[in-house]
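What follows is a short report on a single structure.
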There are 2 protein chains.
Amino acid sequence: MDRDQTEKDDEGSGRPTLKTLAFMTGLGVTTVSRALKDAPEIGAETRRRVQLVAKQIGYRPNRAGVRLRTGKTNVISLVLNTEREIMSFVSDIIYGVSEVIADTPYHLIVTPYSRSQDPLDPIRYLLETGSADGVIISRTQPNDPRARYMLERGIPFATHGRTDMGLIHPYHDFDNYAFATEAVRHLAGIGRRRLALLAPPVELTYHSHTLNGFTDALSEVGASEIPFNTVSVDHSIDQIRMRTAQLMRRDVRPDGFVSSAAAATLAIVAGIEDAGLKLGRDVDVVSKQSSDLLHLFRRELLVVNENFRLAGAELARSVLGWIGGAAPGSLQSLSMPGEVVAYRRPD
Amino acid sequence: MDRDQTEKDDEGSGRPTLKTLAFMTGLGVTTVSRALKDAPEIGAETRRRVQLVAKQIGYRPNRAGVRLRTGKTNVISLVLNTEREIMSFVSDIIYGVSEVIADTPYHLIVTPYSRSQDPLDPIRYLLETGSADGVIISRTQPNDPRARYMLERGIPFATHGRTDMGLIHPYHDFDNYAFATEAVRHLAGIGRRRLALLAPPVELTYHSHTLNGFTDALSEVGASEIPFNTVSVDHSIDQIRMRTAQLMRRDVRPDGFVSSAAAATLAIVAGIEDAGLKLGRDVDVVSKQSSDLLHLFRRELLVVNENFRLAGAELARSVLGWIGGAAPGSLQSLSMPGEVVAYRRPD
DNA sequence: CCTATATACTGAAACGTTACAGATTGTCAC
DNA sequence: GTGACAATCTGTAACGTTTCAGTATATAGG
């Protein structure tokens, strides 16, 4: 008896599979599979024919099939802290990543963890369940157990911010050293002499980058530091505001602030005004911001822009690059801050 | 010849599968599978034994296996516009969803689309590739092709905002009608008589909700409307600012604003001040906000809070509920605005 | 004409899971 | 002792893909 033409009622119902394509082209499933990925041992005409039909009927490989067979998930996971992450960071970085993976087969999954959890938990989960081909983490620490763990397990990842463990891995970072030095120089340039720094939390790598830039520039310009390390950008608006107000009521108070985050800057300004002082007259503030809103808040503010969307794109490129076999050391990038910009009246 | 004990070197290397469990317990793969999901025809002791071993060795079902076999993806997709979505919305809604799916097997994938694309594109993609068990969409329209499409295809979804097509589906919405009426009443209560509304974009359902609340309350309190519909909250900061300034320089200008979004409010205030007028004296502004920052911006601002994190949680609950077989009509929720709150000095 | 080799294609097996259709017990009624 | 029945367990197939180990045909070398 001849081979039954319709081994199962293929055509018609669900979405097309390799079997559908095989049936339509009269080829074997194997041949179709290979033809679609430009394997060498497939005839040129066959290849074209298969690819044409595949395009026509809108064939899309079944992710589960591929994943089961090959272990490849085509997933990038973005690991986020649900409490401490900056808002615009979350939004922009997601869009940056999306932009880059848009014309790849990759999906973006968001893997959250909360304050109470060990930051290593979500990473362990991802690795143990093999849920992603690549991982992006933020809130990077000098000695980061997550990076160490992923290096050991050999899964491609990229960090937002650098580590300092003597290990090589892809990262994208904003040059916070340069930011702090520029900020201090600018403040010195407009006559400010006693500067306070609202730094990132101590455990994160960019804390020391920022702090080093700050203190190096202080001695360069001959200004002095008013210690302000009882709070960090991770603290609540109210706490920062209160501490700022306290600080501004002292005899020896700062006449300039450098702030590492926009939301914190709102709190600093509020604190300054709580103490009855005026921004631009009694004190100046240079702040990082990631969206162009601070100048609406107080036009006296001095701002430096950090582009999180770019960071997201860069991080995605790095992870994909590593997955694609590039050397991790070649996938590191540093984003230079622009100038400190003062308010300019809109046209 | 007896059955070979090690059909393949199971134990040891990779993560445990049903086969591993079957080998360890001496049972068949089928039995193990059923025991793990509390099937009725499994002996009580066997069930406990299997589950104990599974827990001990940290068995986790392989997602690809399940997905291939059953079609269940265990994925919820959040569909976002990469240009127009409010920042804090993205961040908070993701966290809200995460919160709810944290102790379920679900993963959250973010499916972005850009200005240039048909909003239906990402939905089609998800449905055609069977990439998700449930979908959450925002920027809902009265006659929303996405909701219609998903209803036709029978995939569970929830919308942020309501539709108005006579079709029943889960949604979560903020009561923008109530927001607008409360805002107008409050402004009237402090003597404002000529009010302008910065509304959501016309194509979205909550535009008319807001507008209806606004106009209904206007006639209730006997105030009049100063038309301000050349811009919406979707416009750029600069455009809103410019239009506001233009408006405020007219002879007949508003003495009160109702604003549907915090970022837009910054622009309105800037525009007011560009025209040389003063907030709280010449004009009052009631604004929605989703994070507690507007009072830092100008303490004269009057705010109503909208909780996006709650929205995310509610939307996730709705989708999961629908997936779980609940009636779509029972998965609709409306969040009531709180009072209009004026600035209160921190303790 | 036979053998070697390259080219183009193919079936079977496997990834981990669940559904289907049994198979093996033990218990009980008669 | 036999048949019926419930309780408990099991093997096989299938989901869609890729890899392995081929098979069939043509071409060329001797």
Side-chain angles (χ1 to χ4, degrees), chain A residues 3-4 7-11 13-51 54 57-74 105 128-131, chain B residues 3-4 7-11 13-51 54 57-74 105 128-131:
Chain A
R3 186 150 71 84
D4 189 8
E7 313 201 338
K8 214 51 165 306
D9 75 323
D10 217 317
E11 213 150 349
S13 50
R15 48 190 275 234
T17 70
L18 288 181
K19 208 154 99 188
T20 320
L21 284 179
F23 176 68
M24 294 180 75
T25 55
L27 295 164
V29 175
T30 304
T31 311
V32 173
S33 172
R34 316 227 54 185
L36 286 176
K37 43 177 55 73
D38 287 321
E41 69 266 38
I42 300 296
E45 196 204 312
T46 306
R47 196 200 333 273
R48 265 186 288 113
R49 198 158 60 90
V50 171
Q51 292 182 350
I57 66 173
Y59 167 77
R60 316 263 206 148
N62 178 306
R63 310 190 115 235
V66 175
R67 181 163 169 179
L68 182 57
R69 176 64 234 240
T70 65
K72 181 135 211 278
T73 62
N74 284 309
E128 279 169 12
T129 60
S131 292
Chain B
R3 188 150 68 87
D4 189 7
E7 312 200 338
K8 214 54 164 306
D9 76 324
D10 217 316
E11 214 152 346
S13 50
R15 50 189 275 235
T17 70
L18 288 181
K19 210 154 97 188
T20 321
L21 283 178
F23 175 68
M24 294 180 75
T25 55
L27 296 164
V29 176
T30 304
T31 311
V32 173
S33 171
R34 315 228 56 190
L36 287 176
K37 44 177 53 73
D38 286 321
E41 71 268 38
I42 301 295
E45 197 203 310
T46 305
R47 198 203 329 273
R48 266 186 287 113
R49 198 157 59 90
V50 170
Q51 293 182 350
I57 67 173
Y59 167 77
R60 315 263 207 150
N62 179 306
R63 311 190 116 234
V66 175
R67 181 164 169 178
L68 182 57
R69 177 64 234 245
T70 64
K72 181 133 211 275
T73 62
N74 285 310
E128 279 169 12
T129 60
S131 292

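Protein chains get the first letters and strands the later ones, always in sequence-line order, with residue 1 at the start of each.
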Rounded to the Å, how far apart are [X] [atom1] and [N] [atom2]?
X: Leu18(A); N: dT17(D); atom1: CG; atom2: P; value: 4 Å
X: Arg15(A); N: dG16(D); atom1: CZ; atom2: P; value: 8 Å
X: Arg69(B); N: dT18(C); atom1: CZ; atom2: P; value: 9 Å
X: Asn62(B); N: dA14(C); atom1: CG; atom2: P; value: 17 Å
X: Arg34(B); N: dT12(D); atom1: CZ; atom2: C1'; value: 15 Å

Self-check item: Carboxylate-amine/guanidinium proximity below 4.0 Å for Glu41(A) and Arg34(A)
Solution: yes
Quiz item: Which residue, Pro16(A) or Thr30(B), contacts DNA chain D at a nucleotide closer to its 5' end, judged by nearest heavy atom?
Solution: Thr30(B)
Self-check item: Residue-phosphate contact under 4.0 Å: Thr70(A) side-chain N/O, dT17(D) OP1/OP2
Solution: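 Looking at the OP1 and OP2 atoms of dT17(D), neither is under 4.0 Å from any side-chain N or O of Thr70(A).
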Practice problem: Answer yes or no: does a side-chain N or O of Ser33(A) lie under 4.0 Å from OP1 or OP2 of dT18(D)? | Solution: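 Yes, within the criterion.
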Quiz item: When you look at Asp38(B) and Gln51(B), which way does the side-chain contact (heavy atoms from CB on, under 4.5 Å) test go after all the steps?
Solution: CA-CA 9 Å; Asp38(B) 286 321; Gln51(B) 293 182 350; 3.1 Å; yes
Provide a list of protein-nucleic acid N or O atom pairs under 3.5 angstrom, restricted to nucleotides 4-9 of chain C.
| unit_1 | atom_1 | unit_2 | atom_2 | d |
| --- | --- | --- | --- | --- |
| dC9(C) | OP1 | Thr46(A) | OG1 | 2.7 |
| dC9(C) | OP2 | Gly43(A) | N | 2.9 |
| dC9(C) | OP2 | Thr46(A) | OG1 | 3.1 |

Exercise. Keeping the roles fixed (side chain from Arg47(A), backbone from Ala39(A)), state whether a donor-acceptor pair exists under 3.5 Å.
Key: yes
Quiz item: Counting N and O atoms only, with roles assigned by atom type, does the side chain of Thr70(B) sit under 3.5 Å from a partner on the main chain of Val66(B), one being a donor and the other an acceptor?
Solution: yes
Exercise. For the pair Arg63(B) and Arg67(A), evaluate side-chain contact (heavy atoms from CB on, under 4.5 Å) and give the outcome as yes or no after the intermediate values.
Key: CA-CA 9 Å; Arg63(B) 311 190 116 234; Arg67(A) 181 163 169 179; 3.7 Å; yes
Kindly point out which of [options] is positioned nearest to the side chain of [X]?
X: Lys37(A); options: dT18(D), dT17(C), dG16(C); result: dT18(D)
X: Thr17(A); options: dC15(C), dT18(D), dT17(D); result: dT17(D)
X: Lys19(A); options: dC15(D), dT17(C), dA14(C); result: dC15(D)

Self-check item: Close side-chain approach of Leu21(B) and Leu36(B), heavy atoms under 4.5 Å
Solution: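 Yes. Closest side-chain heavy atoms under 4.5 Å.
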Practice problem: Step through the shown structure and confirm whether more than 12 heavy atoms of other residues, nucleotides or ligands are within 6.0 Å of CD on Glu45(A). | Solution: no
